[in-house]
Amino acid sequence: MMNSHNQQLSLLSLSLALLLLSGLRVEGRLKHHATNYQKLFVFGDSYVDTGNTRIDQPGSWKNPYGITFPGKPAGRFSDGRVLTDYIAKFLGLKSPLPYKFRKLIPQNLKYGMNFAYGGTGVFDTSSKNPNMTIQIDFFKQLIKENVYTASDLSKSVALVSVAGNDYNFYLATNGSIQGFPSFIASVINQTATNLLRIHSLGVKKIVVDGLQPLGCLPQSTASLSFQKCNSTFNDLVLLHNNLLNQAVTKLNQQTKNKTSFIVLDLYDSFLSVLNHPSSNNIKDAFKPCCVGISSQYSCGSVDENNVKKYKVCDHPESAFFWDLLHPTQAGWHAVYNELQTTKALQQIRY
């Protein structure tokens, strides 16, 4: 017999699952490109998380997240779609099911699975969510249970996002600027280990994000009145990206396939949109759409009486950033359009 608390939880889980399914159905109607891939497996953080983060954590499951798509909060750190949705669309797939819903919507396992959790890194961060090593452990366990076969894996792509939470945590825990370059090297080494491990489990094609220009995120530009990027942060990002490109080149040599591992250049794609916003129908390049009414609040904050302590811009569809860290759906769409002009996305297909 279920107690009322468990009953409420299972009803909540069921309603979340239904909400997720409605989102997946809409995804299914997006224009697709034909590829040979049948599954997408996703690892990483809030740039690719589509619902794993717990409901009691800030963001993603709180209003006004999800107001553009699917119309209410559904676990994405944006007003709508995120990078995962666009990569799935490119592959001609529905967005893969978040890991935590695997038992609620088993019929959707066929599109792959999303193991990403907001706030995580390759190492432990301030988030209590599973880091990337543990996310890959979850994946390995499903393979062991035969949820995914060797044949499934040979027709799959992995998307890996490392969007900077390790660096935020490093700075928050008094890491020095002098020690930053060697910490960046350790993040890249761990990322390379993770990529190789996913490949060794049977995934033939692995796409990893280059780091976006952290110095252009509203969190970094707030002190500059959201006018321009912080170049110190961006110099550190360039070091990360150079080391990542070197590591990926090496991995491709090891696996004797030039395109087993592919880097998505988020740095140039973000900058392209931020430097030419109007060609992407973006009016507000640097200013976030959803912000707390003062510095002690953030997007989605409410007080103890449930009174909202944030404000949302009138036109999320013409803003690039949703909150202090994450793009809007329009922002991600613009970045995806830029990525489509790069060699990397084309290499996924073959």
Side-chain angles (χ1 to χ4, degrees), residues 30-45 47-48 81-93 95-96 112 114 116 122 132 153-164 184 187-188 191-199 203-214 216 234 237-276 279-280 320 327 331-350:
L30 287 169
K31 181 170 169 273
H32 293 317
H33 297 267
T35 64
N36 302 324
Y37 296 108
Q38 292 167 11
K39 289 178 178 48
L40 175 62
F41 296 103
V42 184
F43 305 88
D45 47 43
Y47 272 28
V48 291
R81 295 176 179 85
V82 294
L83 183 61
T84 300
D85 302 306
Y86 289 103
I87 298 299
K89 170 188 171 182
F90 180 79
L91 295 169
L93 301 172
S95 220
N114 189 330
V122 297
M132 203 180 290
L153 298 172
S154 69
K155 301 185 196 102
S156 66
V157 175
L159 172 64
V160 177
S161 172
V162 182
I184 290 173
V187 167
I188 295 300
T191 301
T193 301
N194 294 346
L195 297 176
L196 203 51
R197 191 173 165 218
I198 295 166
H199 188 266
V203 179
K204 298 284 183 279
K205 188 79 76 173
I206 297 160
V207 183
V208 57
D209 291 356
L211 196 54
Q212 75 280 17
L214 294 178
C216 300
N234 283 353
V237 170
L238 290 174
L239 174 60
H240 170 104
N241 287 341
N242 284 336
L243 292 176
L244 178 66
N245 284 320
Q246 286 171 32
V248 162
T249 301
K250 208 162 149 188
L251 289 174
N252 281 328
Q253 286 163 350
Q254 277 173 22
T255 54
K256 299 187 170 45
N257 182 338
K258 272 194 273 195
T259 63
S260 289
F261 301 90
I262 297 164
V263 178
L264 279 190
D265 190 347
L266 287 193
Y267 189 86
D268 280 356
S269 306
F270 268 59
L271 283 185
S272 253
V273 180
L274 292 170
N275 291 332
H276 309 98
S279 58
N280 290 281
F320 182 79
W332 277 124
H333 188 254
V335 166
Y336 172 63
N337 284 341
E338 291 294 333
L339 286 171
Q340 287 201 82
T341 67
T342 66
K343 201 167 63 176
L345 269 193
Q346 306 315 317
Q347 286 175 339
I348 300 177
R349 289 199 177 148
Y350 308 109

Under the side chain to side chain contact (heavy atoms under 4.5 Å, CB included) test, which residues partner D265, sequence neighbours left out?
-> Y267, D268
Of all heavy-atom pairs linking V48 and A116, the shortest is CG2-CB, 3.5 Å
Could you tell me whether the side chain of N280 and the main chain of V273 form a donor-acceptor pair under 3.5 Å?
-> no
For residues P96 and V42, report the shortest heavy-atom separation together with the two atoms involved.
-> CG-CG2, 3.9 Å
Search all heavy atoms of G164 against all heavy atoms of L211 and return the closest pair with its distance.
-> N-CD1, 3.6 Å
Taking N275 for its side chain and S272 for its backbone only, find out whether a donor-acceptor pair lies under 3.5 Å.
-> no
Could I get the full list of ring pair (Phe, Tyr, Trp, His ring centres under 6.0 Å) partners for F320, not counting sequence neighbours?
-> F270
Where do Q38 and L93 come nearest, in terms of heavy atoms and distance?
-> O-CD2, 3.4 Å
Heavy-atom closest contact (L266 atom, G210 atom, distance) = CB-O, 3.6 Å
Distance-only, no hydrogens or angles: does the Y37 side chain make a donor-acceptor pair with backbone N or O of I348 under 3.5 Å?
-> yes
Side chain to side chain contact (heavy atoms under 4.5 Å, CB included) involving N337 - partner list, sequence neighbours excluded | H333, Q340
Partner set under side chain to side chain contact (heavy atoms under 4.5 Å, CB included) for S260, not counting sequence neighbours | H199, N252, T255, N257
Within-4.5 Å side-chain heavy-atom neighbours: S269 and L339 | yes
Separation of F41 CZ from N114 CG (nearest 0.5 Å) | 11.0 Å
Would a distance-only check, ignoring hydrogens and angles, find a side-chain to backbone donor-acceptor pair under 3.5 Å from K205 to Q347?
-> yes
Side-chain (D85) to main-chain (R81) donor-acceptor, under 3.5 angstrom | no
Which value, rounded to the nearest 0.5 Å, describes the distance between H240 atom NE2 and L214 atom CG?
-> 8.5 Å
Of all heavy-atom pairs between T84 and S95, which one has the smallest distance, and what is that distance?
-> CG2-OG, 3.7 Å
Please set out all donor-acceptor pairs under 3.5 angstrom arising from side-chain atoms of residues 154-162, sequence neighbours excluded.
| unit_1 | atom_1 | unit_2 | atom_2 | d |
| --- | --- | --- | --- | --- |
| S154 | OG | S151 | O | 2.8 |
| K155 | NZ | S151 | OG | 3.2 |
| S156 | OG | L153 | O | 2.6 |
| S161 | OG | D45 | OD1 | 2.8 |
| S161 | OG | D209 | OD2 | 3.3 |

